[in-house]
Structures are given as C-alpha cells and as structure tokens.
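A short worksheet on the structure shown next.
Reminder, nothing fancy here: chain letters follow the sequence lines and each chain counts from 1. It should be emphasised that the depicted structure is a prediction, and the values quoted were computed from it without experimental measurement. Computation of the quantities below employed the complete heavy-atom set of this structure, encompassing side-chain atoms and omitting hydrogens, waters and symmetry-equivalent molecules.
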Amino acid sequence: MEELDGEPTVTLIPGVNSKKNQMYFDWGPGEMLVCETSFNKKEKSEMVPSCPFIYIIRKDVDVYSQILRKLFNESHGIFLGLQRIDEELTGKSRKSQLVRVSKNYRSVIRACMEEMHQVAIAAKDPANGRQFSSQVSILSAMELIWNLCEILFIEVAPAGPLLLHLLDWVRLHVCEVDSLSADVLGSENPSKHDSFWNLVTILVLQGRLDEARQMLSKEADASPASAGICRIMGDLMRTMPILSPGNTQTLTELELKWQHWHEECERYLQDSTFATSPHLESLLKIMLGDEAALLEQKELLSNWYHFLVTRLLYSNPTVKPIDLHYYAQSSLDLFLGGESSPEPLDNILLAAFEFDIHQVIKECSIALSNWWFVAHLTDLLDHCKLLQSHNLYFGSNMREFLLLEYASGLFAHPSLWQLGVDYFDYCPELGRVSLELHIERIPLNTEQKALKVLRICEQRQMTEQVRSICKILAMKAVRNNRLGSALSWSIRAKDAAFATLVSDRFLRDYCERGCFSDLDLIDNLGPAMMLSDRLTFLGKYREFHRMYGEKRFADAASLLLSLMTSRIAPRSFWMTLLTDALPLLEQKQVIFSAEQTYELMRCLEDLTSRRPVHGESDTEQLQDDDIETTKVEMLRLSLARNLARAIIREGSLEGS
Amino acid sequence: MEEIYAKFVSQKISKTRWRPLPPGSLQTAETFATGSWDNEENYISLWSIGDFGNLDSDGGFEGDHQLLCDIRHHGDVMDLQTLSVNQQWTTAHYHTGPGSPSYSSAPCTGVVCNNPEIVTVGEDGRINLFRADHKEAVRTIDNADSSTLHAVTFLRTPEILTVNSIGQLKIWDFRQQGNEPSQILSLTGDRVPLHCVDRHPNQQHVVATGGQDGMLSIWDVRQGTMPVSLLKAHEAEMWEVHFHPSNPEHLFTCSEDGSLWHWDASTDVPEKSSLFHQGGRSSTFLSHSISNQANVHQSVISSWLSTDPAKDRIEITSLLPSRSLSVNTLDVLGPCLVCGTDAEAIYVTRHLFS
C-alpha cells in the first residue's frame with residue numbers, strides 16, 4: 001500500500017479502559033477479537049482485567065441488516081444469470097442484454113430503498129429511524145452512481161441520445177417535482193399557488209417543456225393580461241428541437257435547428273418581450289443557457305449534476321461523451337462557488353464523467369463499508385470488456401479481487417455463506433482455493449447442513465474436503481455411539497481407514513457382549529462391504545452366524561475356513577473363529593473334510609507358534625494363559641477327532 | 001407456470017406447511033407457516049395470502065404473501081406440523097442422557113401428528129411418541145436405528161414408517177412391545193440415504209420416498225422388500241416428496257438442485273397417449289391401458305403401482321421459473337402450493353391445475 005487515503009477512524013469499545021490496561025486483539029476472516037489484558041502500562045498489573053468480556057468487532061454491519069439481505073440474495077441471482085450469458089453473443093444483442101442486467105440490479109436497489117424508506121418512516125425509535133434514513137440515502141447514492149455508469153459505460157450512448165439519458169437520470173433522482181406538482185395542481189387555483197412559478201421553473205430546468213407549457217396555459221387562463229406572452233413562451237417551448245428516440249434526424253440537422261431556435265430566443269430577449277413578467281424573463285434566460293440565471297436557481301437545482309445537465313440541455317445538447325468532463329468540472333466549481341468542498345459522491349461522479357473507471361471503483365470502495373456495490377459493478381463492467389487486466393500485487397485482477405473480498409465477507413455470516421460459494425466459482429484464479437479454505441470452517445450443527453456442504457464439495461470435486469468433513473462427522477457419530485451413521489459417512493467419503501475403525505468397534509462390541517449390536521446395519525451392508533477388508537470380514541462373519549442359525553452347516557464351515565485362510569480376518573480374531581469352529585467339529589455328522597481340517601490345524605499352529613512369550617506374569621496372566629491353553633487343547637482334540645472321522649468317511653465312500 | 005409469486009424474506013426457509021382446513025370446507029388455503037434455519041436467531045412465521053381488500057380485475061386475489069406474526073425458535077427449524085398444543089418437550093432427543101455429565105442433545109429431524117398423538121424422530125436414532133395432554137413421552141424406542149432417522153409418517157394408526165440414512169424403511173407397530181421394527185424394507189445395492197417419505201392419502205400401503213441421489217421410489221409395503229418403481233429424478237438430494245392430498249395422482253418433489261417437480265400420473269385422458277407414440281401403435285396403447293385396469297374406476301388401482309413406469313405416462317413439469325439454490329421444502333393444499341428455498345425466497349402459487 002503506497003498511501004493512506006485518510007485518517008483511520010477511532011472506535012471506542014464500551015467497558016474497556018484502554019488508558020489503563022493494554023488491549024489484545026486478533027484478526028479473524030471478517031472480524032476482530034478484542035479484549036482487555038491485565039498488563040498495566042504505568043502501575044502494577046492487577047490479577048484480573050477489569051473488563052471480563054471478549055468483544056467481536058465487525059466493520060461490515062450491512063451483512064446483518066434484514067432488508068439488505070434481500071439485496072444480496074436477489075443480486076446473487078442476477079449475478080449468476082450474467083455469468084451464464086452466452087459468450088457468443090456480440091454486438092447489439094449482447095449490449096442490450098448487459099443493459100438489461102444493469103437495469104435489474106438497479107431495480108433491486110430501488111426495491112430495497114423503498115422498503116427501507118417505509119421502515120424508516122414507521123420506526124418508533126428516532127435513532128433507528130435516522131439510521132434507516134441514512135441507509136436510504138446511501139442506497140440512493142449507489143443507485144445514482146450505478147445509473148450514471150450504465151449510461152456512460154454500458155449503454156455507451158453517443159452524442160445526442162447521451163443527453164436524453166442524462167435527462168432521464170436527473171429526473172429519476174431529483175424527485176421533489178412530483179410532490180410539488182401534486183401540491184400545486186391539487187389546489188383550487190394553481191396559478192395563484194405560492195410555488196407555482198417554482199414548479200414551472202423546475203419543469204423547465206428538467207427539460208419537461210410539455211408540462212411547463214400546460215402550467216403556463218393555466219396561468220394564461222387565469223390572468224388574461226399575460227396571456228399573450230404566455231402564449232409566446234409556450235410556442236418557444238413547443239418548438240425547441242429535441243432528439244426523440246424514434247427520430248431519424250441526424251445530429252447535424254438537429255444542431256442546425258437548435259441554432260435557429262436559440263437565435264429566436266435571443267431575439268426575444270433582445271426585444272424585451274417578456275419584460276413585464278420577471279418570471280418569464282428568467283425562464284427565457286434559463287432556456288438560453290445563461291449560467292448566471294441557472295445559478296440563481298441553485299435551490300431548485302439542489303445539486304451540481306442537475307446544474308450540469310440543464311446547462312448542457314440549453315447550451316450544448318449535442319455534447320459528445322468525451323467533452324463531458326470539461327463541463328462537469330466547471331459545473332461543479334460554479335455550483336459550489338468556493339463555499340464548500342466536494343463530497344465523496346461528487347468526486348465519484350466526476351471520475352465517472354472523466355471515464356476513469358478505476359478511479360470510480362477506488363473511490364466507491366473507500367466510501368462504502370460493504371463490498372457489494374463495487375464487486376457487482378466491476379463484474380458487470382468486466383463483462384463489457386472495459387477493464388484492462390490490471391494486475392494487482394498478488395496476481396489476480398481487480399474484478400477477482402473484489403469478488404473474493406465480497407464472498408469472504410459473506411462467509412463470515414452464519415447464513416449467507418451459501419451465496420458466497422457461487423461467487424468463488426466465478427473467480428478463475430484464486431476462487432477454488434479460497435472456497436476450499438472457507439468451506440472447511442463452516443460449523444456443522446445438524447446433518448442436513450452437513451449434507452448441503454458435502455453436496456457443494458462433491459459438485460466441485462473437492463475430494464479432500466469431502467473426506468475431512470465426513471471424517472469429522474463420522475468421529476462425532478462414533479463418539480455418540482451411532483455406529484450406523486459413522487459407517488454411512490465413511491461410505492460416502494470412501495474412507496477405507498475409517499470403515500475399518502468402525503468395524504473394529506463392532507467386533508469389539510461383539511467380543512464383549514457376545515452378540516452383535518445393530519444387526520439391521522450389518523445384515524444389509526450390500527456392496528459397501530467391499531470398502532474395507534475389515535468391513536467385509538464383519539459382513540461375512542455375520543453371514544456365518546446366520547448360516548449357522550439356519551443350520552446350513554456345510555456352507556457355514558466353508559465360509560469360516562475361507563475367512564481364515566484368505567487372511568481377511570484380523571489375527572486377534574482367529575482364536576474366536578477357531579472357537580466358533582468347535583461346535584461344528586463336534587457335530588454328529590462330519591462337516592469339515594480332511595483337507596479343511598488340515599487347514600484348520602495349520603491355522604491353529606500358526607496362531608500358537610506366534611504367541612509372544614510372557615516374561616514375568618502375575619496370577620491373572622497365568623489364569624488367562626490357563627484358559628488359553630485349555631482352549632487350544634480342546635481345539636487340538638476336536639480337530640484330531642474330526643480328522644479321524646473325516647479320513648474314515650472319505651476313505652469309505654466310493655470314489656469321493 | 002403462470003402466477004407464481006416470489007418474495008424474498010431475509011431468512012433461509014427450511015420448512016413450510018399450509019394451515020390445514022377443516023375437511024369438506026370449500027375455502028382455499030389461506031395461511032401457511034414457515035420455519036427458518038442457519039440464522040443466529042431463527043423464526044417460525046405465519047403468512048397469509050388471503051384477501052386484504054385488493055382484488056384484481058378478474059376478481060382473484062393478487063399480491064404476494066404478507067407476514068402475520070413470527071416467534072423466535074431456538075436452533076434450526078427441522079420440521080413443522082400443526083396441532084393445538086400448549087406444551088414443550090425440551091429434551092426429547094439426545095445422545096447422552098440429561099443425567100450424565102456429558103449431556104449432548106441431538107437434532108430432532110422429523111415430527112408427524114395424528115391428533116392427539118405426536119411422533120418424533122431424531123439423529124440419535126430414537127423414536128418418541130407423545131400425546132398432547134401428557135407431560136412425558138408415552139413411549140420411547142431407544143436406539144431404534146443405528147443411523148440417523150430422517151423422516152417419519154403414519155401408515156395407519158398405530159403404525160408408523162421411518163426412513164434412515166442407510167436406505168431402509170422400517171415399520172413400527174406401537175401395539176407391540178419390544179423395540180424391533182415389524183418390517184424392514186430396503187433396496188439392495190447401494191445404501192443410499194433416504195430423506196423424505198410420504199404416504200398415499202387413500203391407499204395406506206403405497207409410500208413414496210426420496211433419496212440422497214435424487215431418486216424417487218414408490219413402495220408397496222404389503223409386498224416384498226423391494227420398491228415397486230425407481231424413478232431417476234433430481235440431480236441432488238430430494239428433500240421433500242408429497243402426494244397431493246385430494247388428487248393423489250399428482251406428486252410433488254423438491255430438491256437440493258434447485259428444482260421443484262410436479263409428477264402427473266393421471267391416465268384418464270386417452271388423447272394424452274397420442275403425444276407419446278407414432279401412428280400405428282395407438283391401438284396397442286389403448287388396449288394396454290385398458291387391460292391394465294380391473295375396472296373403469298381409476299382409484300382402485302393406483303397408477304403409481306403399475307409395474308412399467310416407462311409405458312405408463314407420467315408427465316413431469318418443473319414449476320419454478322429459474323434454477324436457484326436448493327428448494328428445501330414444499331407443501332400443497334387444494335390448488336395452492338408453497339415452497340421455500342435457500343435463496344431466502346418463498347414461492348406461492350394458487351393455480352396449480354390451470
């Protein structure tokens with residue numbers, strides 16, 4: 001950062017005595033944490049800071065405004081529509097689409113303004129009402145700037161239509177006319193109303209000559225003495241050449257006609273035709289574009305850009321866009337007259353008239369507290385291909401920088417983060433990375449929210465994030481003893497390691513309790529079984545139990561054997577498996593064939609030979625060992641007996 | 001779809017329900033409730049689309065819905081039902097009980113009412129049965145499911161049906177003691193979590209469910225454990241499925257992918273078949289549809305249960321004008337439909353079947 005544009009503002013935090021104790025702060029993504037420490041600069045430090053609170057400081061409060069939320073949501077929809085505009089469209093159709101988008105944005109701003117205005121009027125607390133009113137004026141300023149940018153940069157009106165657009169712009173934003181007009185017309189005798197001439201003047205200032213003429217005809221009816229000059233004035237007004245939208249005149253034709261008309265007006269002034277009525281005389285001077293006359297009407301004009309447009313209307317209606325800024329600067333100077341200095345809004349409008357887009361955006365960023373306006377406006381201007389790729393220090397261009405800032409601000413809000421996701425999508429360089437970082441930090445209180453976040457990640461192939469979120473949820477589920485949920489989360493993340501963990505839990509539960517919990521889950525694993533070896537083992541083991549229950553001993557036996565020989569059974573479980581084989585071995589009929597019995601014996605030997613040698617063992621260990629040895633001996637006995645029977649059986653059957 | 005009113009309401013809508021009308025009433029629905037989620041302070045709001053004295057030129061009601069009143073709600077609103085009640089059951093769902101030191105509450109994901117009984121299910125796999133006049137739960141089935149129960153609906157009193165996040169439908173009978181479901185249905189193959197369930201208003205054995213992959217399944221709980229038909233529908237989770245209460249040939253689904261679909265399975269118009277085939281096969285079509293019905297009255301055999309969804313025409317229309325963020329919820333009553341989205345908008349239409 002090269003320069004500091006202004007002095008930073010000081011914000012006092014209630015309850016914290018910064019003169020006495022030091023403050024501690026830490027930055028967050030959109031906020032700052034502040035608290036008081038117990039370090040004292042001058043005196044001895046106390047044990048406990050006097051202020052026990054930690055404060056969260058946010059600069060951007062707009063995000064929390066109920067009414068502005070509608071702005072964010074609606075503009076999000078418009079933003080998405082803009083991104084999806086067909087890139088193939090060029091020329092006029094594209095321009096008209098972009099203008100339509102711009103008008104949509106503006107109508108959203110106006111709707112917000114309207115609503116906030118209603119709330120401001122209805123507010124019971126005057127402080128609240130004032131706050132809302134100031135919001136309304138900020139929104140109004142935003143719309144003003146946007147409208148001007150639309151005329152100059154998006155519509156790119158050429159000389160001629162340019163003035164018409166500027167006139168519309170002014171008429172839209174200086175709207176006391178309507179209330180005044182209603183006032184005056186509503187009275188019994190309009191032409192005798194106090195504000196009658198004010199109304200006529202302002203109608204002329206705004207170029208609404210037809211309406212002004214109607215007013216004058218009322219005056220003519222009321223006082224026949226001035227009927228003549230009113231008629232002349234009315235004729236002048238009627239004959240003023242103006243470029244109408246459907247008109248096919250060329251600019252030079254218009255200029256010529258306008259010159260004629262101007263000279264006619266001059267002549268009337270020279271002849272002092274309107275000397276009897278000072279009002280009409282000043283109207284004539286206004287229509288001649290006399291600056292002094294215009295400046296007399298400062299109050300009615302109310303701002304310099306109105307002065308500028310009126311001046312252009314009556315002195316240079318075919319002004320070219322590139323000449324605008326001369327007039328703008330001089331209008332501003334004349335209007336302010338050295339009494340006051342330009343406000344931020346004035347500077348922004350001046351920059352716009354000078355076609356300096358970067359300056360406009362820079363000034364707006366400083367003046368406004370929320371990135372909404374600059375982000376959307378820059379994005380729209382970028383679509384008009386007006387911004388050169390102005391590379392900033394960290395590699396991304398201005399549009400992307402602003403969108404990233406805006407979206408990050410949205411993520412700091414508990415609810416609006418979903419909008420932020422789409423904005424990150426359309427930042428080609430840093431969007432994805434930012435999204436990855438932000439989305440992992442969204443707090444997940446309910447499963448439904450987690451599902452939405454996961455869907456967002458999966459749609460963008462962010463497998464790392466999917467895995468980490470699923471792991472967090474699965475861990476929570478395991479801690480709460482919801483093993484089925486844990487399993488379904490690990491299946492979603494295709495996380496074999498976690499599936500193994502869950503299966504181990506199941507097996508441990510089985511060892512402790514002797515029966516399976518959650519049979520509905522294990523019985524119906526389906527193809528998810530293949531996710532991890534341990535899971536497959538669990539499923540198959542349960543199948544073994546089912547087969548045993550259904551007395552399909554031969555199938556059960558071969559399944560059991562395959563579980564051991566295929567090595568998917570964890571070593572710790574082999575003893576249990578062999579013990580399960582005991583009842584099968586002890587059945588009246590021979591179930592295990594000789595081959596199978598050899599396999600079993602091999603497994604048993606494997607297991608016992610690898611048993612670690614115990615050093616010093618206490619009585620408990622000895623007892624365990626005793627049980628173990630007994631088991632092994634029983635097994636050996638059963639296996640031997642089974643082997644004997646199997647050999648005999650196989651030997652005695654014919655040819656089997 | 002003409003005349004669908006949208007209004008942005010500054011809160012993400014998680015559930016919306018029409019206020020039920022007395023049966024046999026000729027009025028159209030006027031009031032609906034919405035619940036929000038994901039805010040620091042969530043609200044349940046009542047909205048009205050009734051007459052405020054402005055009728056447009058056709059004599060119909062115009063304008064969008066107006067807020068009547070709202071009330072703060074602790075936590076996200078997960079489900080809404082209407083009943084007259086003056087009680088709160090605060091620790092209905094929990095992972096570790098209120099007595100233990102590591103007490104943690106669990107989200108309650110679904111609630112369904114059948115005056116005066118209320119059944120709730122939650123992420124803790126627990127089913128609670130409350131009565132409007134009792135302080136404690138009348139019956140609790142602990143650990144009914146090892147995974148999260150997402151939704152519940154009444155089949156017949158006293159039977160309920162729940163769907164869970166490993167893709168199973170379980171039927172529970174409250175007359176039986178014990179904590180086992182009386183029946184389990186599921187789709188073999190991928191265990192796709194099921195998020196919503198709705199029962200056919202007239203035929204209590206026909207149930208529709210929506211899953212995480214956006215698939216709509218129709219089940220007949222009397223027969224077998226497999227669904228009768230699987231229809232590939234949305235591209236993302238289907239959040240709600242509803243049969244129309246008075247025209248059950250119509251089904252509505254809404255999804256995370258931002259769309260709301262209207263499924264029209266009414267097959268009583270033979271001309272409809274002409275849209276779907278060419279010339280010479282018309283006779284086969286008619287004969288197929290006739291032979292498929294035991295008698296002329298459609299209501300006896302539900303068209304949802306016909307075994308060949310490809311041949312029997314289901315017309316699907318998307319009701320929302322443009323894709324937005326997820327449509328979380330919808331409700332239908334008579335000719336009126338309301339839905340709420342994550343883009344903080346509520347859409348209402350009063351002319352569903354025009």
*asked:* Under 4.5 Å from any heavy atom of chain A, what part of B:Thr148 do you find: side chain, backbone, both or neither?
replied: both
_Contacting moiety of A:Asn481, where chain B heavy atoms sit under 4.5 Å_ = neither
*Tell me, for B:Glu180 versus chain A, whether the close heavy atoms (under 4.5 Å) come from the side chain, the backbone, both or neither.*
neither
*Are the charged groups of A:Arg455 and B:Glu237 less than 4.0 angstrom apart, N to O?*
yes
*Using the side chain to side chain donor-acceptor pair (under 3.5 Å) rule, take A:Ser488 and B:Ser147 through it: C-alpha gap first, then chi angles, then the decisive distance, then the call.*
CA-CA 8 Å; A:Ser488 74; B:Ser147 62; 6.0 Å; no
*At what distance, to the nearest 0.5 angstrom, does CG of B:Asp342 lie from CG of A:Asn73?*
9.5 Å
*Using 4.0 Å as the upper bound for N to carboxylate O, is an ion pair formed by A:Lys449 and B:Asp38?*
yes
*Interchain contact, B:Glu256 with chain A, by part (heavy-atom threshold 4.5 Å)*: side chain
*asked:* Salt bridge check, B:Asp145 against A:Arg482: does any charged N sit closer than 4.0 Å to a carboxylate O?
replied: no
*When B:Glu123 is tested against each of A:Gln448, A:Lys476, A:Glu447 for side chain to side chain contact (heavy atoms under 4.5 Å, CB included), which residue passes?*
A:Glu447
_Under 4.5 Å from any heavy atom of chain B - which part of A:Trp417_ = side chain
*Where the side chain of B:Lys12 meets the backbone of A:Ser415, is there a donor-acceptor pair that is under 3.5 Å apart?*
yes
_Could you check whether any side-chain heavy atom of A:Ile491 comes within less than 4.5 Å of a side-chain heavy atom of B:Ile166, counting everything from C-beta outward?_
no
*asked:* Within the 4.5 Å heavy-atom criterion, are B:Gln212 and A:Arg492 side-chain neighbours or not?
replied: yes
